[in-house]
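Notes to accompany the following structure.
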Amino acid sequence: MVKLENIEQARTVIQGVIHETPILRSRSLQEAWGRNVHFKAEHLQKTGSFKIRGATNAVTNAVEHGAKLVTAASSGNHGQAVAYIASKLGIKSVIVVPTDASPAKVAAIEAYGGQVEYCGTTSAERIPRAQLLADEQSGVYIPPYDHEDVIAGQGTVGLEILEQVPDVEIIVVPVGGGGLIAGILTAVKAKRPDVLVIGAEPSLANDTELSLENGKITAIGPTETIADGLRTSQPGDLTFPIVRQLLDGLVTVEEHEIAQAMRDLAVRSKQLVEPSGAVAAAAVMAGKVGAPEQKIVAVISGGNIDLARLASLLAGGS
C-alpha cells in the first residue's frame with residue numbers, strides 16, 4: 001500500500017517537471033455559493049491536468065529500470081501526460097485510443113510526442129492492447145490510476161494543499177478510478193488527520209458510491225456523464241482499499257450542477273475548467289459539503305476540453 005514516504009519521494013522525482021499549482025479564491029463565488037471555498041488549480045498544471053504528476057513518477061521510475069518504451073490506454077488527460085513525460089525523458093510512447101476518439105485529443109497526444117494507435121471503443125479493448133504492445137516491445141504499461149507510483153504522484157497534490165492552506169478544514173476531491181483521491185487521502189491523513197477529505201462523484205458514474213455501500217468493488221455499466229474523465233466502471237484494486245479505509249464522506253452531483261459550476265467558474269473567476277475538473281466545485285456550489293464558516297479547498301482537476309463542447313456547456317447546453 002502507498003505510504004506517506006512514497007508520496008514524499010514522488011515529490012522529489014517530479015518537482016523538476018510539474019508546476020506547484022496555485023490556490024485560487026473568488027470572493028464573488030464565495031458569496032454566491034455561501035461557502036469559504038478555495039480552489040487547487042490543477043487545470044493550470046502542465047498538460048492541463050493533475051495526471052502529469054502520477055505519469056511523471058511512474059514513467060521516470062520505469063526509465064530508471066531500463067524502459068525504452070511506455071504505453072497507455074487513454075484518449076484524454078492520462079494519455080497526454082504519459083506522452084509528454086516520455087518525450088521529455090527521451091523514450092517512445094504509444095497511446096491506445098478508441099476509434100471514436102476526439103480529433104482534438106488525438107492531436108494533443110501527438111503534439112506531446114505520443115504515437116497513437118486506435119483500438120475499439122471501450123477500455124476493456126484498449127487496455128489489453130496497450131499491455132500487449134508493452135510486452136511485445138519490452139516496454140512498460142502505465143495504468144491511469146491503479147498503480148502505486150501513479151497514486152504516489154497524485155498524492156503530492158495533498159502535500160501542496162496542506163502547505164498552501166495550513167488552516168484548511170475540508171478538501172473536496174473528484175473521484176473516478178480513485179488515483180487522485182487515494183493519493184490525497186494517504187498524504188493528508190498521515191500529516192493532518194483532522195482535515196476532512198470528501199469525495200465528489202457524478203451521480204451517473206457512481207461506482208465508488210455503490211462500492212462503499214456494498215463493502216466491495218462494484219462495477220457499473222457504460223455512462224454518459226459529461227464528466228468524461230470520471231467515466232470509470234469501477235474503482236481500482238489498489239485505490240479502493242485506501243478510499244474505503246480513510247475517506248470521510250462521499251457526495252454525488254447531478255449533470256446540471258456540474259455544468260453550472262463550470263459556468264460559474266468561467267464567468268465569475270475567469271477559469272476555464274473541464275466537466276470532470278468542476279465536479280468537486282459543483283459539490284460545494286450545491287451545498288453538499290461543509291458549512292459556511294468552514295475553510296474548504298476544492299480540487300479543480302483539469303481544464304482540457306474541446307472548444308465546441310465548452311461553448312455548448314457555457315451556453316447552457318449538455
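From a predicted model like this one, the values you see are computed outputs, not experimental measurements.
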Using only atom types and a distance under 3.5 Å, with no angle test, would you say the side chain of Thr225 pairs donor to acceptor with the backbone of Pro202? no

By side chain to side chain donor-acceptor pair (under 3.5 Å), which residues pair with Thr239, not counting sequence neighbours? none

Can you tell if the side chain of Asn6 reaches within under 4.5 Å of the side chain of Glu148, non-hydrogen atoms only? no

Side-chain touch Glu163/Ile23, heavy atoms, less than 4.5 angstrom: no

Expected output: side-chain His78 to main-chain Ile142 donor-acceptor under 3.5 Å: yes

Closest non-hydrogen contact found for Pro241 with Met1 is CB-CE, 4.4 Å

Contacts of type side-chain contact (heavy atoms from CB on, under 4.5 Å), residue Gln137, not counting sequence neighbours: Leu69, Lys92, Leu133

Using ring pair (Phe, Tyr, Trp, His ring centres under 6.0 Å) as the criterion, list what pairs up with Tyr84, not counting sequence neighbours. Tyr112

Counterpart residues, side-chain contact (heavy atoms from CB on, under 4.5 Å), relative to Ala200 (two or more places apart): Val172, Val251, Val279, Ala283

Going by atom types alone, do Asp135 and Gln131 pair a side-chain donor with an acceptor below 3.5 Å? no

Could you list the residues that satisfy side-chain contact (heavy atoms from CB on, under 4.5 Å) with Pro22, not counting sequence neighbours? Leu24, Ala41, Leu44

For the pair Ser87 (side chain) and Gly113 (backbone), establish whether a donor and an acceptor sit closer than 3.5 Å, ignoring hydrogens and angles. no

Side-chain donor/acceptor of Lys51 to backbone N/O of Gln80, under 3.5 Å: no

Regarding Gln271 and His43, do their side chains bring together a donor and an acceptor under 3.5 Å, going by distance alone? yes

So, Glu42 and Thr21: side-chain donor and acceptor under 3.5 Å apart, yes or no? yes

What pairs of residues pass the ring-ring contact (aromatic ring centres under 6.0 Å, His included) test when at least one of them lies in residues 201-236, not counting sequence neighbours? none

Among pairs that include at least one residue of residues 54-66, which meet side-chain hydrogen bond (donor to acceptor under 3.5 Å, both in side chains), considering only residues two or more places apart or in two chains? Asn61-Asp149

Side-chain donor or acceptor of Ser49 paired with backbone N/O of Gly302 under 3.5 Å: no

Do His38 and Gln30 come within less than 4.5 Å of each other through their side chains, counting heavy atoms only? yes

Under a 3.5 Å cutoff, is there a donor and acceptor pairing between the side chains of Arg53 and Thr156? yes

Hits for salt bridge (Lys or Arg N to Asp or Glu O under 4.0 Å) against Glu213, two or more places apart or cross-chain, chain-then-number order -> none

Ignoring hydrogens, what is the shortest heavy-atom contact between Met262 and Val273? Give both atom names and the distance. CE-O, 3.1 Å

Where do Thr71 and Ile95 land on the side chain to side chain contact (heavy atoms under 4.5 Å, CB included) test, with the steps shown first? CA-CA 6 Å; Thr71 69; Ile95 313 300; over 6 Å; no

I need the full list of side-chain hydrogen bond (donor to acceptor under 3.5 Å, both in side chains) pairs touching residues 196-211, with sequence neighbours left out, sorted by first then second residue. Glu201-Thr208, Ser203-Glu254, Asn206-Glu209

With heavy-atom distances below 4.5 Å as the criterion, would you say the side chains of Glu169 and Leu196 are in contact? no

Name the residue from Val175, Val157, Val150 that meets the side-chain contact (heavy atoms from CB on, under 4.5 Å) definition with Leu180. Val157

Quick one: closest heavy-atom pair of Gln45 and Ile52, and the distance? CG-CG2, 3.4 Å

Heavy-atom side-chain contact between Glu117 and Val97 under 4.5 Å: no

Could you tell me whether the side chain of Arg263 and the main chain of Ala315 form a donor-acceptor pair under 3.5 Å? no

Does some side-chain heavy atom of Asn304 sit less than 4.5 Å from a side-chain heavy atom of Glu274? yes

Qualifying residues under salt bridge (Lys or Arg N to Asp or Glu O under 4.0 Å), relative to Lys288, sequence neighbours excluded: Glu257

Who pairs with Ala291 by side-chain contact (heavy atoms from CB on, under 4.5 Å), at least two apart in sequence or on another chain? Glu293, Gln294

Search all heavy atoms of Ser276 against all heavy atoms of Ser301 and return the closest pair with its distance. O-OG, 3.6 Å

Which heavy atom of Ile14 sits nearest to which heavy atom of Gly153, and what is that distance? CD1-O, 4.3 Å

Can you run down the side-chain hydrogen bond (donor to acceptor under 3.5 Å, both in side chains) pairs that involve residues 180-198, sequence neighbours left out, and say none if there aren't any? Lys189-Asp248, Arg192-Asp194

Taking the side chain from Glu110 and the backbone from Gln115, do they hold a donor-acceptor pair closer than 3.5 Å? no

Determine whether a donor-acceptor pair (N or O, by modelled atom type, separation under 3.5 Å) exists between the side chain of Ser93 and the backbone of Ile91. no

Are any of the side-chain heavy atoms of Ile170 and Ile198 separated by less than 4.5 Å? yes

Indicate whether the side chain of Lys68 and that of Ser138 have a donor and an acceptor atom separated by less than 3.5 Å. no

Distance, nearest 0.5 Å, that separates CG of Leu265 from OG of Ser26: 8.5 Å

Would a 4.5 Å heavy-atom cut-off, applied to side chains only, mark Phe39 and Val299 as touching? no

Starting from Tyr118, can I reach Tyr141 by hopping between I/L/V/M/F/W/Y residues whose side chains sit under 4.5 Å apart? no

Is a side-chain donor or acceptor of Ser28 paired with a backbone partner of Arg268 at a separation under 3.5 angstrom? no

